[in-house]
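Note sheet for the following structure.
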Amino acid sequence: MDLTVLYRGPLASCDYDCPYCPFAKRRDSTAQLRADRAALERFAGWAADSGDQLSLLFTPWGEGLVRSWYRRTLAELSHLPHIRRVAIQTNLSCRTDWLADADPETLALWCTYHPGQTPYDRFLAKCRDLADRGFRFSVGVVGLPEHLAAARRLRAELPEHVYLWINAAEGHTYRDAEADDWTALDPLFPYSRHPHASAGLPCRTGESVISVDGDGTVRRCHFVRAELGNLYDDSYRAALGPRPCPLAVCDCHIGYVHLETLPLYDVFAGGVLERIPARPSPRPAEAVTISPRSRGDVG
């Protein structure tokens, strides 16, 4: 089967300390880092031996690419013929020379620029290096008013083909004029502006998309806690099948992109995991949404 897997191990440490990030940051102990490495290596072994066609997105709580085992794992998986795509969410603080060992046809990066955490010129130089190396990547910014000037500068100076996405900020209500400023940079921003009503609606998660943690516990997605089984004993397979969303709303891109009631599989055809549209996108029609906003993603 064709299976999309979102992997999130126990890693929680990050080299950034963004004040708007909803994820608790901490310094992982040596023992915790060893546990994360062992969990990742176990998952990579499963992926390498899988008989399925796999698309893999790594969504660590912390920053993965500053750890050698993430860089090595992504590079190795990118060369396997049954891996359609391997991607990771990253702040791009790591060096980029490791990409020389990866296949640019398979590996892709979902990058977030955090103003105040890294010099702008350093981040832009790394983006240009990714482009020069021929890797697919998107770049995004959290849509806070104080980030607007930096986002505009990024859009002007990034390679034209690189998609700049904007995530609506947690707890921030966007007036129409303010939303228009962000939509001018990212025509798909209206999908992020409000949470999406999802209760009872069909979703690909739990059928062709699953979430896996460091212990191998399989859930339909990161946001639904009900367990489907375990990856390593194949017990999850019997639970795979179409099912409606049990939550009232879905407000994170890595969740609502899989809703069948939204057209995002067509919008991001070929680039769902790395958040790259298939073509420049017009302003989308109003989606079914609910407010006020309550979010948990920063991209």
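Screening residues 47-68 for salt bridge (charged side-chain N to carboxylate O under 4.0 Å, His left out), with sequence neighbours left out, gives Asp52-Arg237. A salt bridge (charged side-chain N to carboxylate O under 4.0 Å, His left out) check over residues 71-85, counting only residues at least two apart or in different chains, returns the pairs Asp2-Arg84, Glu41-Arg72, Arg85-Glu274.
Using cut-offs of 30° and 60° on the angle between ring planes, the pair Tyr70 and Phe58 is perpendicular. A perpendicular orientation is assigned to the rings of Trp110 and His253, their planes being inclined by more than 60° (bins at 30° and 60°). Taking the six-membered ring for Trp and thresholds of 30 and 60 degrees, Phe123 and Tyr113 have ring planes inclined between 30 and 60 degrees apart.
Looking at Tyr174 and His194, their side chains never come closer than 4.5 Å, going by heavy atoms from C-beta outward. Counting heavy atoms from C-beta outward, Phe43 and Leu231 have side chains that approach closer than 4.5 Å. Between Trp69 and Leu33 the shortest side-chain heavy-atom distance falls below 4.5 Å. No side-chain heavy atom of Tyr256 sits under 4.5 Å from any side-chain heavy atom of Val249. In this structure, His147 and Val142 have side chains that are in contact, with non-hydrogen atoms separated by less than 4.5 Å. Contact annotation: the side chain of Ile210 never approaches that of Thr4 to less than 4.5 Å [non-hydrogen atoms, C-beta and beyond]. Taking 4.5 Å as the limit, some side-chain heavy atom of Thr261 sits within range of a side-chain heavy atom of Pro202. By the 4.5 Å heavy-atom criterion applied to side chains, Ser192 and Ile166 are not counted as neighbours.
There is no path of hydrophobic side-chain contacts, each under 4.5 Å, that joins Val66 to Ile88. Under the 4.5 Å side-chain heavy-atom criterion for grouping Ile, Leu, Val, Met, Phe, Trp and Tyr, Leu99 is connected to Phe137 within one hydrophobic cluster. At a threshold of 4.5 Å between side-chain heavy atoms, the hydrophobic network of Ile, Leu, Val, Met, Phe, Trp and Tyr places Ile276 and Val267 in two separate groups.
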Test side-chain contact (heavy atoms from CB on, under 4.5 Å) on Val209 and His258; report intermediate values, then the result.
CA-CA 8 Å; Val209 181; His258 304 295; 3.8 Å; yes

Please assess Arg193 against Asp176 for the test salt bridge (charged side-chain N to carboxylate O under 4.0 Å, His left out), listing each intermediate value before the final yes or no.
CA-CA 10 Å; Arg193 182 182 178 186; Asp176 288 345; 2.7 Å; yes

Mind running side-chain contact (heavy atoms from CB on, under 4.5 Å) on Tyr163 and Asp186 for me, showing each step along the way?
CA-CA 8 Å; Tyr163 171 50; Asp186 175 11; 2.7 Å; yes

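Across all non-hydrogen atoms, the minimal contact from Ala197 to Leu201 is O-CD1, 3.2 Å. Closest non-hydrogen pair, Arg220 versus Pro246, comes out as NH1-CD, 3.6 Å. Taking each heavy atom of Ala44 and Leu77 in turn, the nearest pair found is O-CD2, 4.0 Å. Ala39 and Gly214 get closest at one heavy-atom pair: CB-O, 3.5 Å. Across Pro104 and Gly134, no two heavy atoms sit closer than the pair CB-O, 3.5 Å. Contact record, Ala151 with Trp182: CB-CZ3, 3.8 Å, taken as the closest heavy-atom pair.
Annotation: cation-pi pair Arg204/Tyr265 present, NZ/CZ under 6.0 Å from the ring centroid and within 45° of its normal.
Between Arg133 and Asp97, no side-chain nitrogen of the basic residue sits less than 4.0 Å from a carboxylate oxygen of the acidic one, so the salt-bridge criterion is not met. Salt-bridge formation is not detected for the pair Asp132/Arg128: no Lys NZ or Arg NE/NH1/NH2 atom is positioned less than 4.0 Å from an Asp or Glu carboxylate oxygen.
Side chains of Trp165 and Ser138: a donor-acceptor N/O pair is present below 3.5 angstrom, by distance only. Using modelled atom types, one finds no donor on one side chain facing an acceptor on the other under 3.5 Å when comparing Asn91 with Thr112. His222 and Ser211 are linked by a side-chain donor-acceptor pair at a separation below 3.5 angstrom, with hydrogens and angles left out of the test. Inspection of the Glu105 and His79 side chains reveals no N or O donor paired with an N or O acceptor under 3.5 Å. When only modelled atom types and interatomic distance are considered, Thr217 and Asp215 share no side-chain donor-acceptor pair under 3.5 Å. Between the side chains of Ser235 and Asn230, no donor-acceptor pair of N or O atoms lies under 3.5 Å. No donor-acceptor contact under 3.5 angstrom links the side chains of Ser78 and Asp103, judged on distance only.
Rounded to the nearest 0.5 angstrom, Leu11 CG and Asp36 CG are separated by 4.5 Å. Put simply, CD on Glu227 and CZ on Arg225 are 8.0 Å apart, with the number rounded to the nearest 0.5 Å. Here CG of Leu74 is found 8.5 Å from CG of Leu56. Values are rounded to the nearest 0.5 Å. Atom-to-atom distance recorded for Leu164:CG and Arg155:CZ is 5.5 Å, nearest 0.5 angstrom. In this structure, CG in Asn167 is found 13.5 Å from NE2 in His172, a value given to the nearest 0.5 Å. Remark: Arg136 CZ to Thr106 OG1 distance equals 11.0 Å, nearest 0.5 Å.
Under a 3.5 Å cut-off, the side chain of Thr183 and the backbone N or O of Ala179 do form a donor-acceptor pair. In this structure, the side chain of His114 does not engage the main chain of Val141 through any donor-acceptor pair within 3.5 Å. Judged by distance alone, with hydrogens and angles left aside, the side-chain atoms of Arg243 form a donor-acceptor pair with the main-chain N or O of Gly241 at under 3.5 Å. Between the Ser198 side chain and the Leu247 main chain, a donor and an acceptor come within less than 3.5 Å of each other. Judged by distance alone, with hydrogens and angles left aside, the side-chain atoms of His196 form a donor-acceptor pair with the main-chain N or O of Tyr191 at under 3.5 Å. Between the side chain of Lys126 and the backbone N or O of Leu92, at least one donor-acceptor pair lies under 3.5 Å.
The 12-atom threshold is not exceeded at CZ of Arg34, counting heavy atoms of other residues, nucleotides or ligands nearer than 6.0 Å.
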